[in-house]
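Have a look at the structure below before the remarks.
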Amino acid sequence: MHRWSQLFIPTLREAPADAEVASHKLLVRAGYIRQLGAGIYSFLLLGNRSTQKIMGIVREEMDKIGQEFYLPALNPREIWEASGRWTTMGENMFRLKDRKGAELCLGMTHEEVMTDIARKELRSYKQLPQIWYQIQTKFRDEPRPKSGLLRVRQFIMKDAYSFDIDAAGLDVSYLKHYDAYCRIFDRCGLKYMVIDAHSGAMGGSQSQEFMVRTPAGEDQVVSCEKCSYAANMEKAASKLASVEDLPLGLDGKPTPYEIHTPDQRTIEDVANYLNVSPKHTIKTLAMMVTGKDGKTGKTEQRALVLLLRGDHQMNEAKLSAAVGGKETRPMQEGEIQELFQSPAGYLGPLGIDWAKDMEVSNKPALLVDKALEGRTNLIGGANKENYHLKNLTPGKDFHPTAYVDLRRVTAGEDCPNCGSPLRIDTAVEIGHIFKLGYKYSESMGARVLDRNGKEVAPIMGSYGIGIERILTAAIEQSNDENGFWLPPSIAPFEVVVVSTNAKDEAIRSASETIAQQLEASGYDVLLDDRDERPGVKFKDADLVGIPFRINVGKKVTEDTVEVVQRSTLHKEDVKISAISEYFQGLRSTAY
RNA sequence: CGGGACGUAGCGCAGCCUGGUAGCGCACUUGCUUGGGGUGCAAGGGGUCGCGAGUUCAAAUCUCGCCGUCCCGACCA
């Protein structure tokens, strides 16, 4: 039996001044966590109980599909060199030296260690498939830890890795994880969505993220109001209404011609001045790309010009993907003048010798958004102050280096699947599954013999869940100014029994009895037996995330107590003799 | 890493401009009081004013350096 009077639950009336998001303020106020440093937190009794319950659920579901390991957080440099990530992980990796001067790092993820086990131990296709997982502490030297537990430098992750003989096998392992993740997040009581994601620096093909909508989130998610379409902003697409192109101007000849547009610099100005919709104009964005050349290894800089439909916005993530992850920045004035021989405001694609493919780096590249592919008679800058061009047709008047998707989806546009409006929300990523492919098995030399006796690399998948993020997301999803409420499955206690007057013997002993009864029926019970005023206890009970409260008060003389559901604040009188049955009933419904 | 802010008791803050005994609310301790939404009264305890230099008779206060934390951006399985 847990008695509040004997526990350390340091609740705070006020949130620390440096807490910004709801979950951070409340986790501190409720005595779940305390900060040790930037992005480093201690878990106290309540916080630890909650994360232990989350890990319990994760473990139960993962045990159905895989085997639990426990790998070291301290990793030698060699395995990270083997995968190539000793360098690519850069400053995000915590590095240290041992007494002999040997280099080590703290694991940010465990593809390397798992693959190392695989390459040493797996010999035959008969040993596949394997799904290995662990629940373990990860270290990442985030450039900017923030938002309490949302972005930290040390956290607990459930990470799993699958090894299969072929792509079909990987599909099965991937699906098993998908299903397990759904069960885990359902059991944790989260409202989540699954979105298509960018595989990012990890490589690989298919990838999905499990996201929880919250204003505190750092990721933008596009989802359909009606159907199940949902995607990361980096990947999201939308259906465009078709546009009827402008007719040919002047004598009807299909060649671009100049028109005088004095002081008309913005798309909006030009469109107004010429009395056309911005949909008929071309937006020209001048950028510079910097990055290492794949062949020479030298850091190089090249001009990159982007063309979008006038009313469209550029999506930085898509651009970054289009240039292979290199850094981009807007051109400076001098650079613009040098390439276009024209001031900004009148830039266009004509008169410049564009590179034919992205590999050729001595010429500027011209990337044209797919929304302009097939369009004709557009209006764009003439590369001459105070002039624009009419009758511009991509592919005819100028030749793009490539057509790519660069456009930023905006809320209200049509879903690519069903045509219903799309919405955009910020969200927190709580889980991620993806098909790694052969990246690690090949680079690290994991090989098995297939049924033909041929040596092949196993195909891998990688699957992660952020334990603390489940707690954080749950709080973000369910809180008010007085505190928060967790789903019973992950709450530190399921019920708090509040003895409203510690000095009243009838109330005191009834509280005791009720708490014992419920505990005997298998509930996690906290008995608030402190010698405090009822108001203090109610405030604390509302604060700390326990989903149900039993108020034991004067009505004990009538064999009655009050049950309060924290989420709704709904109150109900229940006979003490029937309290266990009452909660059994709840378990089948609200639980 | 670029921009901004902050650092005074466990938490929230004032004091700094104009240098001179370090303060308020909550929390904590003791006593009484109260007992269904942070009860009231009284008496207490608790501070290297982030750290280090400098200026000065005298520094929380002025100057310089460093450290730490938060926010925006960049970054990000």
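Labels below follow one simple rule: chain letters A, B, ... track the order of the sequence lines, proteins then strands, and each chain is numbered from 1. What you are looking at is a predicted structure, and each value in this text was computed from that prediction instead of being measured.
Distance noted for atom C1' between G2(B) and C57(B): 44 Å (whole Å). Taking atom C1' on both G25(B) and A9(B), the two are 13 Å apart, rounded to the nearest angstrom. On the P atoms, C49(B) is 31 Å away from A42(B), given to the nearest whole Å.
Evaluation of atom-type donor-acceptor distances gives a pair under 3.5 Å for the side chain of Arg151(A) against the base of C76(B). Counting atom types as modelled, Arg549(A) pairs no side-chain N or O with a base atom of G36(B) as donor and acceptor under 3.5 Å. Applying the 3.5 Å distance criterion, the base of G38(B) shares no donor-acceptor pair with the side chain of Glu532(A). With hydrogens and angles left out, the side chain of Asp504(A) and the base of G35(B) share no donor-acceptor pair within 3.5 Å.
Rounded to a whole Å, the CZ atom of Phe538(A) is 11 Å from the C1' atom of G35(B). If you take CG of Asn92(A) and C1' of C1(B), they are 13 Å apart, rounded to a whole angstrom. Per the geometry, CG belonging to Leu36(A) stands 9 Å off P belonging to U69(B), to the nearest Å. Whole-Å rounding puts the Leu319(A) CG to C75(B) P distance at 11 Å. Between Glu91(A) atom CD and A74(B) atom C1' there is a gap of 13 Å when expressed in whole angstrom units. Note: CE (Met89(A)) to P (C75(B)) measures 17 Å, nearest angstrom. Here G35(B) presents its P atom at 8 Å from NZ of Lys554(A), a figure rounded to the nearest Å. To the nearest angstrom, P of G35(B) lies 12 Å from CD1 of Ile507(A).
At a threshold of 4.0 Å, the pair Arg213(A)-Asp425(A) counts as salt-bridged, since one of the basic side-chain nitrogens sits closer than that to a carboxylate oxygen. With respect to Asp171(A) and Lys435(A), a salt bridge is recorded, a charged nitrogen being found less than 4.0 Å from a carboxylate O.
For A42(B), the paired base is U30(B) (Watson-Crick or G-U wobble, both distances below 3.5 Å). If you check U55(B) for Watson-Crick or wobble pairing at under 3.5 angstrom, you find it has no partner at all. Base pairing annotation: C49(B) forms no Watson-Crick or G-U wobble pair, as no partner gives both donor-acceptor distances under 3.5 Å. Base-pair partner of C24(B): G12(B) (Watson-Crick or G-U wobble, both distances under 3.5 Å). G35(B) is unpaired under the criterion used here, namely a Watson-Crick or G-U wobble arrangement in which both key atom distances are under 3.5 Å. Nucleotide A5(B) forms a Watson-Crick or G-U wobble pair with U69(B), both donor-acceptor distances falling under 3.5 Å.
Smallest separation of non-hydrogen atoms from Gln134(A) and Leu71(A): OE1-N, 2.9 Å.
For the pair Gln35(A) and C70(B), the criterion of a side-chain N or O lying under 4.0 Å from OP1 or OP2 is met. For Lys146(A), a side-chain nitrogen or oxygen approaches OP1 or OP2 of C72(B) to under 4.0 Å. Between Arg533(A) and U39(B), a side-chain N or O to OP1/OP2 separation shorter than 4.0 Å is present.
Taking the six-membered ring where tryptophan is involved, the planes of Phe139(A) and Phe94(A) are perpendicular, since the angle between them exceeds 60° and thus also 30°.
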Trace of the side-chain contact (heavy atoms from CB on, under 4.5 Å) decision for Met460(A) with Tyr438(A): CA-CA 6 Å; Met460(A) 292 174 60; Tyr438(A) 299 98; over 6 Å; no
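Panel note: side chain Asp164(A), backbone Pro129(A); no donor-acceptor pair is recorded below 3.5 Å.
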